[in-house]
Amino acid sequence: MNHGSAARDGTGPEHAEPAARPGLRGLWRALAGLAVAAAALSPGCTCGPSSPPPPRKEVARGVTLSVFARGLDEPVALAFAPGDASERLFVVEKRGRVRVLAGGRAVDPPFLDLSALVSTGEEQGLLGLAFHPRYAENGRFFVNYTDREGDTRVVEYRVAAGAPDRADPATARELLHIAQPYDNHNGGHLAFGPDGRLYVGTGDGGKRDDPHGHGQDRRSLLGKMLALDVSGQGPERPAPDVVQIGLRNPWRYSFDRRTGDLYIADVGQDRYEEVHVVPVDRLAGHNLGWNVVEGDGHCLHDVPCGLEGLTPPVIEYPHAHGCSITGGFVYRGAELPELDGLYFYADYCTALLRSFRWQDGRATEPTDWKPILDPDGDLSRPTSFGEDARGELYLVSQDGVIYRFSRRR
């Protein structure tokens, strides 16, 4: 699943992303590398800046990516349960299972198995998981998946009484149902904000150019960042609050656990991938631009457009570098203090691995970690980042491997 790059905007199998086909992965990497080289050599290139510099040597020498877990079935998300005494990690597998990780292995039976309810197309599946901030008290958690009809469902569950490694399927309570016009651009992530609400990022519904105009239509729930007040526990569904508009396909967003600022990675169409930073003191009211612009003020198809009222991204990168961004987290762990305050992100197609620091209202210290953390090119198809209860950072590959940002020994 490549989260809605230009290669997945068609309808036939010929549009499938090459990186999603194991036999073509090496070819895609080679072609991407040639594209970057050509961009650097061409004096008339308009594909954006070159790759950022690597980290300083004194920082690079102490950091590595270590294998944390293997053998998973298309993992697409990783989460922890707040207040959990054992500090377990929970991994989401695209085909519909949530599994507990112990000793680098997934525990059987699964924590939750929704395989019978989930559609499994290229960009479909069980896509998101978030635990209630008071999970240790109430046992509540939330999942985001596409059902057998391809529609988005956000559903609450509870842990089984007396069985901390099992959810109780009978506790299912649907909070949100959104009809999806196509099978791509489903969004799928979930995260609790500093205001205690559950944030649901939705894609524009699919196809090229957002043909139905969902991104800019304030009446539509597609192409939006929504917030749900889940404090109530009755049968009524919480009314979704439209917090931001103008998203194409937000593939992973996170709140900085220290500042509360919101980082949103939004997948581009033909030319640019982008990251927005929304300050905690004004989370609501932003128009992030799609389908008026792509990236930082690039009018769609170069047709003249108005930029007034749009909130631009803080970074972009061209499709010479990658084609489907995977957003991450701001590092706030203790093991690698030299990374404190850096926001990490990756790309599903080329497995680039970069960071920047949000400081004084702008992105600073852009850094390319690929040569340091993945010198042999082993990393492929990064679908998500994750953090544990202590703020340590992880990277999830759809190939079945989870990596941990660790101290080099």
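Every heavy atom of this structure was used, including side-chain atoms; hydrogens, water molecules and symmetry mates were not. Nothing here was measured: the structure is a model prediction, and the numbers come from that model.
In summary, the aromatic rings of F131 and F142 are positioned with their centroids too far apart to meet the 6.0 Å limit. Ring-centre distance between Y272 and H321: not below the 6.0 Å cut-off.
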Exercise for the section: Run the numbers on V293 and H298 for side-chain contact (heavy atoms from CB on, under 4.5 Å), then give the verdict. Expected result: CA-CA 5 Å; V293 296; H298 309 283; 5.7 Å; no
Exercise for the section: Report the C-alpha separation of Q269 and N291 in whole Å, then their side-chain angles, then the decisive distance to 0.1 Å, and conclude whether the side chain to side chain donor-acceptor pair (under 3.5 Å) test is met. Expected result: CA-CA 10 Å; Q269 179 167 280; N291 64 350; over 6 Å; no
Practice task
Walk me through it: do Q124 and R148 pass the test side chain to side chain donor-acceptor pair (under 3.5 Å)?
Solution key: CA-CA 10 Å; Q124 298 173 327; R148 289 292 183 173; over 6 Å; no
Handout entry: Stepwise salt bridge (charged side-chain N to carboxylate O under 4.0 Å, His left out) test for R381 and D399
Key = CA-CA 7 Å; R381 300 199 296 170; D399 290 347; 2.8 Å; yes
Exercise for the section: Would you sort out whether K94 and D73 count as a salt bridge (charged side-chain N to carboxylate O under 4.0 Å, His left out), showing the intermediate values? Expected result: CA-CA 8 Å; K94 181 178 181 292; D73 182 14; over 6 Å; no
Practice task
Apply the test side chain to side chain donor-acceptor pair (under 3.5 Å) to residues E137 and H132: give CA-CA distance (whole Å), side-chain angles for both, the deciding distance (0.1 Å), then the verdict.
Solution key: CA-CA 9 Å; E137 304 168 26; H132 194 281; over 6 Å; no
Practice task
Go through T146 and N186 one step at a time and tell me if the side chain to side chain donor-acceptor pair (under 3.5 Å) criterion holds.
Solution key: CA-CA 8 Å; T146 54; N186 303 300; 5.3 Å; no
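Below 30°, between 30° and 60°, or above 60°: for F90 and F111 the angle between ring planes is above 60°, a perpendicular geometry. Between Y394 and F68, the ring planes lie perpendicular to each other; the angle is over 60°, past the 30° to 60° tilted range.
Stacking of R354 on the aromatic ring of Y317 is recorded, both the 6.0 Å distance cut-off and the 45° axial limit being met.
For the ring-ring contact (aromatic ring centres under 6.0 Å, His included) test with W369, the passing option among F344, Y345, Y331 is F344; the others fail. Just one of R173, R158, E156 meets the side chain to side chain donor-acceptor pair (under 3.5 Å) condition when paired with Q233; it is R158. Screening R332, R252, R257 against E387 for a salt bridge (charged side-chain N to carboxylate O under 4.0 Å, His left out) leaves a single residue, R257.
Taken from CD1 in I264 to CD in E274, the straight-line distance is 10.0 Å, to the nearest 0.5 Å. Interatomic distance, NE2 of H276 versus OG1 of T311, reported as 8.0 Å (0.5 Å rounding). Summarising the geometry, atom CZ belonging to R61 is positioned 10.5 Å from atom CZ belonging to R408; distances are rounded to the nearest 0.5 Å. Considering CZ of R134 and CG of N138, their distance stands at 6.0 Å, rounded to 0.5 Å. With rounding to the nearest 0.5 Å, the separation of CD in Q244 from OH in Y199 is 7.5 Å. Rounded to the nearest 0.5 angstrom, L175 CG and E236 CD are separated by 12.0 Å.
Remark: E58 engages R56 in a salt bridge, criterion side-chain N to carboxylate O under 4.0 Å. Taking a cutoff of 4.0 Å between a charged side-chain nitrogen and a carboxylate oxygen, E335 and R404 qualify as a salt bridge. A salt bridge between D195 and R197 is present, with a side-chain N of the basic residue lying under 4.0 Å from a carboxylate O of the acidic one.
Looking at E74, its side chain never comes within 3.5 Å of a backbone N or O of Q398 through a donor-acceptor pair. Although no hydrogens or angles enter the test, the distance criterion places a donor-acceptor pair under 3.5 Å between the side chain of E273 and the main chain of I325.
Considering only residues two or more places apart in sequence or on other chains, P109 meets the side-chain contact (heavy atoms from CB on, under 4.5 Å) condition with R166.
Residues D261 and P279 share a closest heavy-atom pair of OD1-CA, 3.4 Å.
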